[in-house]
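Read the structure below first, then the notes.
The model shown is predicted, which means the values in this text are computed figures rather than measured ones. What's counted below: heavy atoms across the whole structure, side chains too, no hydrogens, waters or symmetry copies. Whatever order the structure lists them in is the order used to number ligands and atoms, beginning at 1.
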Amino acid sequence: MKTKWLGYLLAIVYLSLAATVAAQDLGPKFKKVRDGIFVYTDALNESNCTIILTEDGVVLIDSGQSPKDSHVIAAALKKLTNLPVRYIIHTEPHSDHVLGDFLFSPPAIVVAHAGATASMKQAGLDAPGFAEKRSGESAALRDAFKGYRMVAPQIEYRDKMTLNVGERSLELYYLKNVHSEADTAIWLPKERIVFTAASVTVKRFGNHRPFVSIPDTLSAIKMMKGLNPEIVIPGHGDPGTVKILDEMEKYYNNLMDGVRQLVKQGKSLDAIKKELKLAGTEDWEGQDRFPNNIEAAYRAVTGK
Ligand SMILES: [Zn+2]
């Protein structure tokens with residue numbers, strides 16, 4: 001019996017050493033945020049893909065900006081583990097988060113909020129010629145898209161779900177009206193990591209479609225802050241601390257205040273778009289999206 005336990009202990013020591021060594025081999029595009037948890041992005045503001053290792057297999061949070069990135073992830077996984085990807089959790093159904101799913105599923109099971117499949121189909125991700133069109137952009141993409149097919153999420157949950165994989169627990173929360181038709185925040189209570197989806201960004205304006213609600217976004221931020229996370233991993237942008245949530249909350253509050261004041265002065269939406277400047281956002285990426293952020297605030301302020 002004693003030798004059996006010693007064996008286990010040695011195996012654990014060996015496995016953690018292997019993971020440490022491998023982490024360094026993954027290269028600068030992978031950031032280790034906790035033991036066995038690695039965030040990958042090729043270039044700043046492309047979507048983050050996170051590898052979560054467990055003793056029962058791998059969980060991926062999204063599958064990369066494009067299938068080119070998914071191949072990089074697949075190669076990294078080979079260095080990290082010989083266990084398969086068990087689940088892919090979508091933070092949102094847009095193409096810059098999901099196109100690489102086909103490399104892992106099956107056997108991986110794709111989990112997303114209700115509405116994800118409809119959104120993917122609506123965007124034509126399963127349309128004939130989609131892969132040809134997208135892969136025509138470069139030779140590297142052409143290779144990466146080989147074998148492409150849209151993977152419709154096998155599980156579409158509603159509102160809340162807990163996924164237990166190996167020693168880890170992942171809590172999924174639907175974020176309503178923050179960015180896409182099906183946004184999911186993921187909370188790892190033991191590791192104190194929250195994945196915010198595209199509800200928050202880092203020095204970058206979100207693209208606010210007509211259904212996006214700033215009051216709903218502010219409640220999503222409040223909910224995630226209430227979890228008391230140590231690590232915050234946005235859908236796009238460098239992982240950081242709760243400061244990411246604080247800064248986004250401050251931005252939306254300032255935006256709402258600014259729009260409210262101008263509405264009170266009788267200004268039209270067009271006039272507000274011309275006039276409103278928010279200190280501290282001058283160097284943000286996606287300045288062309290600021291007008292649709294103002295529109296979202298205007299809708300919230302006026303009810304129109
Ligand atoms: Zn998106």
The Zn ion (ligand 1) reached by His179 (N, O or S, under 2.8 Å):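 Yes, His179 qualifies, because one of its backbone or side-chain N, O or S atoms lies under 2.8 Å.
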
Backbone or side-chain N/O/S of Glu92 under 2.8 Å of the Zn ion (ligand 1):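 For Glu92, the answer is yes, given that an N, O or S atom comes within less than 2.8 Å of the Zn ion (ligand 1).
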
Salt-bridge contact Lys225-Glu249 (side-chain N to carboxylate O under 4.0 Å): yes

Under the side chain to side chain donor-acceptor pair (under 3.5 Å) test, residues paired with Asp143 that sit two or more places apart: Lys146

His94 atom (N/O/S) at minimal separation from the Zn ion (ligand 1): ND1

Aromatic plane relationship, Phe205 with Tyr251 - under 30° parallel, 30 to 60° tilted, over 60° perpendicular: perpendicular

Interatomic distance, Asp159 atom CG to Tyr174 atom OH [nearest 0.5 angstrom]: 8.0 Å

